[in-house]
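Keep in mind it's a predicted model, so treat the numbers as computed, not measured.
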Amino acid sequence: MKNLLLIILSSFFVACSTIDDVPLCYNISANVDFSVINAQNEDLLNPSNPNRLPVSGIKILFVVNGKSQEVSNPMADNPSGFRIYKRDDEARYRIGVSLNHAETVEKPITYIQWSNADIDTLEASFERNPCGIAQQVIWLNGKKVWEARSSTSSPYFVKQM
């Protein structure tokens with residue numbers, strides 16, 4: 001009986017030793033924030049602004065296998081791929097946009113469709129490791145606008161419409 005207990009306990013400890021091979025966390029850093037203003041410097045994301053941008057017209061699209069697909073993930077915190085929020089330390093509202101971080105291409109593409117006539121293109125490169133994914137470089141409409149190694153803050157831009 002003592003030997004049986006010893007065998008069971010030793011197999012339990014051997015089985016549990018594989019926990020070291022599994023990451024204890026997984027972090028995805030794949031997002032960009034924008035404030036949106038007009039020529040009069042009005043906050044077009046502020047819900048109390050009568051000239052605000054119609055949120056129902058904003059669409060986030062990911063290019064997957066060469067085709068644009070509107071983001072729709074009902075189980076996600078932000079099912080449409082974006083959220084509008086206001087930080088306590090700022091006067092303007094922001095839109096936080098989730099970036100396409102597919103592993104199938106070097107620089108996955110995300111489109112922000114502000115309206116039928118206004119679409120911005122975001123491309124990003126990522127560092128991937130067993131504990132997560134982190135954006136390294138971001139291009140906006142073909143121009144490099146942010147790089148992790150030379151920035152002390154998250155990617156944030158002001159868009160004028």
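- Each of Val36, Leu45, Asn46, Ile37 was scored for a side-chain contact (heavy atoms from CB on, under 4.5 Å) with Arg92, with one residue passing: Ile37.
- Taking each heavy atom of Ser98 and Thr110 in turn, the nearest pair found is O-CG2, 4.0 Å.
- A heavy-atom distance below 4.5 Å is found between the side chains of Leu99 and Ile138.
- Distance check: Ile58 CD1 to Ile112 CD1 gives 9.0 Å after rounding to the nearest 0.5 Å.
- A chain of hydrophobic side-chain contacts below 4.5 Å, direct or via other Ile, Leu, Val, Met, Phe, Trp or Tyr residues, connects Leu53 to Val55.
- Counting only heavy atoms from C-beta outward, the side chains of Leu44 and Arg52 never approach each other to under 4.5 Å.
- Counting heavy-atom neighbours within 6.0 Å of Asp89 CG, excluding the residue itself, gives a total above 12.
- The closest side-chain heavy-atom distance from Met161 to Asn38 is not below 4.5 Å.
- Taking OG of Ser80 as the reference point, atom CG of Leu61 lies at 10.5 Å (rounded to 0.5 Å).
- In this structure, Phe126 and Ser29 have side chains that are not in contact, with every pair of non-hydrogen atoms separated by 4.5 Å or more.
- Judged purely by atom type and a 3.5 angstrom limit, Asp33 has no side-chain atom pairing as donor or acceptor with the backbone of Ser154.
- Taking CZ of Arg94 as the reference point, atom OH of Tyr85 lies at 4.5 Å (rounded to 0.5 Å).
- Atom CD of Glu106 has 12 or fewer heavy atoms from other residues, nucleotides or ligands within 6.0 Å.
- Looking at Ser35 and Tyr156, their side chains come closer than 4.5 Å, going by heavy atoms from C-beta outward.
- When hydrophobic clusters are built by joining Ile, Leu, Val, Met, Phe, Trp and Tyr residues whose side-chain heavy atoms come closer than 4.5 Å, directly or via intermediates, Val137 is not grouped with Leu122.
- Around the CG atom of Asn129, the shell of radius 6.0 Å holds more than 12 heavy atoms that belong to other residues, nucleotides or ligands.
- The shortest side-chain heavy-atom distance between Lys159 and Leu140 does not fall under the 4.5 Å cut-off.
- Val71 has its side chain out of reach of Phe82: every pair of non-hydrogen atoms, C-beta onward, lies at least 4.5 Å apart.
- Atom-to-atom distance recorded for Lys59:NZ and Gln69:CD is 14.5 Å, nearest 0.5 angstrom.
- Asn141 contributes a side-chain N or O that, together with a main-chain N or O of Thr121, makes up a donor-acceptor pair within less than 3.5 Å.
- Shown here for Asn31 and Pro155, the closest heavy-atom pair between the two residues is O-CG, 3.3 Å.
- If you chain together hydrophobic residues whose side chains sit under 4.5 Å apart, Tyr111 and Val145 never meet in one group.
- Hydrophobic clustering places Ile133 together with Val64 (ILVMFWY residues linked when any side-chain heavy atoms are closer than 4.5 Å, directly or through intermediates).
- Ring geometry for Trp114 versus Phe34: interplanar angle over 60°, hence perpendicular rather than tilted (30 to 60°).
- Between Pro74 and Pro79 the shortest heavy-atom distance is CA-CB, 4.1 Å.
- Distance check, rounded to the nearest 0.5 Å: OG1 of Thr104 to CG of Asn65 gives 6.0 Å.
- Around the CG atom of Asn51, the shell of radius 6.0 Å holds more than 12 heavy atoms that belong to other residues, nucleotides or ligands.
- Side-chain atoms of Met75 and Asn73, non-hydrogen and from C-beta on, do get closer than 4.5 Å to each other.
- In this structure, Ala124 and Pro108 approach most closely via the heavy-atom pair O-CD, 3.1 Å.
- Side-chain atoms of Gln135 never come within 3.5 Å of backbone atoms of Ala148 as a donor-acceptor pair (strictly under, hydrogens ignored).
- The residues Asp43 and Lys86 are annotated as not salt-bridged, no charged nitrogen and carboxylate oxygen being separated by less than 4.0 angstrom.
- Distance alone, capped at 3.5 Å, is enough to place a donor-acceptor pair between the Asn100 side chain and the Ile109 backbone.
- Annotation: the span from Glu123 atom CD to Lys107 atom NZ amounts to 4.5 Å, rounded to 0.5 Å.
- Side-chain atoms of Trp139 do not come within 3.5 Å of backbone N or O of Ser125 as any donor-acceptor pair.
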